[in-house]
Amino acid sequence: MKRKTKTVCRGSAQLAVACLAAACMVILLPGRCNNPVDSTLYLVSTNDCHGKYLDSSYVDGELQQPSLCAINRYVDSIRNAVGKRNVLLLDGGDCLQGDYASYYYNFVDTVSPHLFARVADYMGYDAVCVGNHDVETGHPVYDRVARDLASRGIPFLAANAVRVSDGKPYFGEYKVFRRAGAKVLVIGYTNANIKAWLDGRLWSGIDFKSLTDVVQDDVDRISARVKPDVVVVLAHTGVGRDDPGLENQGYELYTTLRGVDFVICGHDHASYAAANDSICIMDGNSYCKYFCVGELIMHRKGGKINSREFHTKIVKVDAGRVDSAMSARFNPDYRKVRDYMFREVGELRFPVVTRDAYRGMCDYMNLNHTVALEETGADISLLAPLTYNGVIPAGKVLYRDMFTLYPYENQLFVVKLAGREVREYLEKSYDLWIGTFDGSHVLRISRKDNQRYGGVSWSFVNRPYSFDSAAGLDYTVDVTKPFGSRVKITSMADGTPFDEDRVYDVATSSYRSNVCGWTDGNTVKMREMREILCEWIERNGTVTPEMAGDPGVVGTWRFVPDGTAGKALEKDYKLLFGE
């Protein structure tokens, strides 16, 4: 497909933001042409909303959370400004997990039409692609959502998720739209690495193909049949410019695809927009904090598209300015979710502060480890902090607090590992977490300067959800030693010797088991960790620090040495989280 193109890709500081009215903002990109023979397609995309359908944080007096209710205000503004017939609204997946509302309609109210399908219909989404966390909810949930979306004319797309039985797409493959006087083809894809980190029961009967193996063939085959003017690849895959691989294939698609105008990515929770001479790539971060707008100006001559001009913009969402009509429309759903989530579970005699997990043992991780060990009877527990910076005050524990203790629908697994494998895995885990102390930093953190607003921020170089610690052992982590020699295990928690040649029962998450390849033929599958935690607290009623962190059960671990390295660790902690 030969095209004459003129591409413009500008940062958000260079693109115009105009107010149509006091309460109605529209994102106006430069280069709009008044030539009546030309037309402009506005491609609006969201991704990784993780259940943030509703604007309320569910707690009276707290700030509103970023949400689809806030994004819809922008979408309506764009449609009002340029005409609905010129706008295509797409979502890049991971819609069904991460918030109370998604959990409630996934697993509690399984009869009503799913809230996400109703929200997507209200907002006028044209297509949605399947994310890995959507698959994580299991067949009953995503099959139901696919039906609910389809009944509203919205396809749930994943062309590379094929049936094992016949090789045909399990979900939708593509859809064609008429927008801006053009025929627009949207082909959707899910993440190719799903099988590596989700239990096979969740995707039974489905195989997942690498995007770089199938997308170009799909584009050529479908384009030959439908003869589109514009082609959009909507893919739940990370950009992967600096971290390519099966999980992050977006940048490779962007640099290799032919006959495609837009590649829309997700999954990696990053903001990215770029263009070359014939194609744009956009990734709108996560949790409704941002969304993307792409503008394709089609210059026509003799009734045919003669050349194309691209503009892209990543828009930061004002969480406090919401579509009030949409918020009111779904208020009954909000109330049902809130009532369920605010039921009392038990009492904690200590506050849970999740950020404390990054500087040593803490009550938050002790509680998770204790429950995992008691539920499974395992010798050792390997778990990571999954909530970056959450707090549960001491006192009554509500069901909503379970999402701070364990935000994902991971199952608790038991795998068999030799003692040597446990020690080697801990070396790898801590190497993601810390570096060898050089007199400056202990934690692997990096500084980011904010060029637009000034100031700096610090963050971990690697994903904190991979920072596993162990329970059931007594050990130290020497921050002055290089990788491979940091972890010294002195004994089991009960004082018996630790044996590198012995095979131990190890409690861990389904995610970790699958990622590390511990699952096949080696796993006892339990239930969801969040539900196990909830039942444990309900059963015990009042939980004390001694119950959650008995050294005879969880053991002990700490960073060594103290002194200068210990002070550097505390300094790093303050850089990340403040005083």
Side-chain angles (χ1 to χ4, degrees), residues 1 43 45-48 90-95 127-136 142 146 155-164 167-175 184-198 202-203 206-226 228 230-270 272-276 278-284 286 292 294 514-515:
M1 189 182 297
L43 190 60
S45 67
T46 57
N47 58 274
D48 296 87
L90 306 173
D91 186 87
D94 274 4
C95 313
V128 177
C129 82
V130 178
N132 57 288
H133 283 294
D134 301 327
V135 175
E136 187 179 32
Y142 60 75
F156 206 21
L157 301 175
N160 63 317
V162 299
R163 297 180 186 274
V164 174
K168 295 180 180 179
Y170 183 87
F171 299 94
E173 185 178 19
Y174 71 91
K175 189 166 181 178
V184 184
L185 168 64
V186 177
I187 313 176
Y189 298 89
T190 192
N191 197 275
N193 205 34
I194 284 176
K195 292 170 66 174
W197 25 256
L198 288 183
L202 299 173
W203 43 267
I206 308 175
D207 192 17
F208 301 91
K209 304 296 185 181
S210 171
L211 303 187
T212 55
D213 291 341
V214 301
V215 175
Q216 187 65 66
D217 288 343
D218 289 347
V219 168
D220 293 343
R221 171 178 52 85
I222 300 169
S223 294
R225 182 162 63 245
V226 305
V230 179
V231 177
V232 178
V233 170
L234 178 65
H236 190 79
T237 189
V239 171
R241 184 176 184 179
D242 302 314
D243 181 26
L246 198 60
E247 194 165 331
N248 302 297
Q249 297 183 303
Y251 195 76
E252 186 172 356
L253 295 177
Y254 164 63
T255 56
T256 62
L257 287 177
R258 305 175 310 278
V260 173
D261 295 278
F262 288 94
V263 174
I264 300 176
C265 298
H267 179 66
D268 54 359
H269 294 196
Y272 188 78
N276 61 32
S278 62
I279 186 172
C280 282
I281 183 172
M282 303 190 302
D283 186 338
S286 60
C292 295
N514 281 282
V515 166

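One is the number of the first residue; the rest follow in order along the sequence.
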Between Asn514 and Leu198, does the side chain to side chain contact (heavy atoms under 4.5 Å, CB included) criterion hold? Intermediate values first, please. CA-CA 6 Å; Asn514 281 282; Leu198 288 183; 5.6 Å; no

CZ/Arg163 to CG/Asp207 distance, rounded to the nearest 0.5 angstrom? 13.0 Å

Look only at the side chain of Asp94 and the backbone of His133, and say whether a donor-acceptor pair between them is shorter than 3.5 Å. yes

Please report the interatomic distance CG(Asp268) to CD(Glu247), rounded to the nearest 0.5 Å. 9.0 Å

Verdict with supporting geometry, Asn160 and Thr190, side chain to side chain contact (heavy atoms under 4.5 Å, CB included): CA-CA 7 Å; Asn160 63 317; Thr190 192; 3.7 Å; yes

Phe171 and Tyr142 aromatic centres sub-6.0 Å: yes

Tightest non-hydrogen contact, residues Ala235 and Cys129, listed as C-SG, 4.3 Å

May I have the step-by-step check of side chain to side chain contact (heavy atoms under 4.5 Å, CB included) for Phe208 and Trp203, ending in yes or no? CA-CA 9 Å; Phe208 301 91; Trp203 43 267; 3.7 Å; yes

Can you find a pair of side-chain heavy atoms, one from Ile222 and one from Leu185, that are under 4.5 Å apart? yes

Any donor-acceptor N/O pair, Tyr254 side chain to Val239 backbone, under 3.5 Å: no

Counting distance only, does the side-chain N/O of Asp48 pair as donor-acceptor with the main-chain N or O of His267 below 3.5 Å? yes

Return the minimal non-hydrogen interatomic distance between Cys265 and Gly250, and the atom names on each side. SG-CA, 3.6 Å

Residues Gln216 and Asp220: side-chain donor-acceptor under 3.5 angstrom: yes

For residues Tyr189 and Asp218, is any side-chain donor paired with an opposing acceptor at under 3.5 Å? yes

Measuring from Met282:CE to Asn47:CG, what's the distance to the nearest 0.5 Å? 9.5 Å

Option passing side chain to side chain contact (heavy atoms under 4.5 Å, CB included) with Val232 (candidates Val260, Asp261, Leu90): Leu90

From Phe262 atom CZ to Leu257 atom CG, the distance as rounded to the nearest 0.5 Å: 14.0 Å

Of all the heavy-atom pairs spanning Pro228 and Ser223, show the shortest one and how long it is. CD-O, 3.5 Å

Using 0.5 Å steps for rounding, measure from the CG atom of Asn193 to the CD atom of Gln249. 8.5 Å

Whether Asp134 side chain and Cys95 backbone form a donor-acceptor pair below 3.5 Å: yes

Nearest atoms (heavy-atom pairs only) where Gly188 meets Leu157: CA-CB, 3.6 Å

With a 4.5 Å limit on heavy-atom distance, are the side chains of Asn191 and His236 in contact? yes

Between Val233 and Val219, does the side chain to side chain contact (heavy atoms under 4.5 Å, CB included) criterion hold? Intermediate values first, please. CA-CA 9 Å; Val233 170; Val219 168; 4.2 Å; yes

Heavy-atom check, side chain of Pro244 versus side chain of Glu252, under 4.5 Å: no

Here the gap from Leu253 atom CG to Thr237 atom OG1, rounded to the nearest 0.5 Å, amounts to 7.0 Å

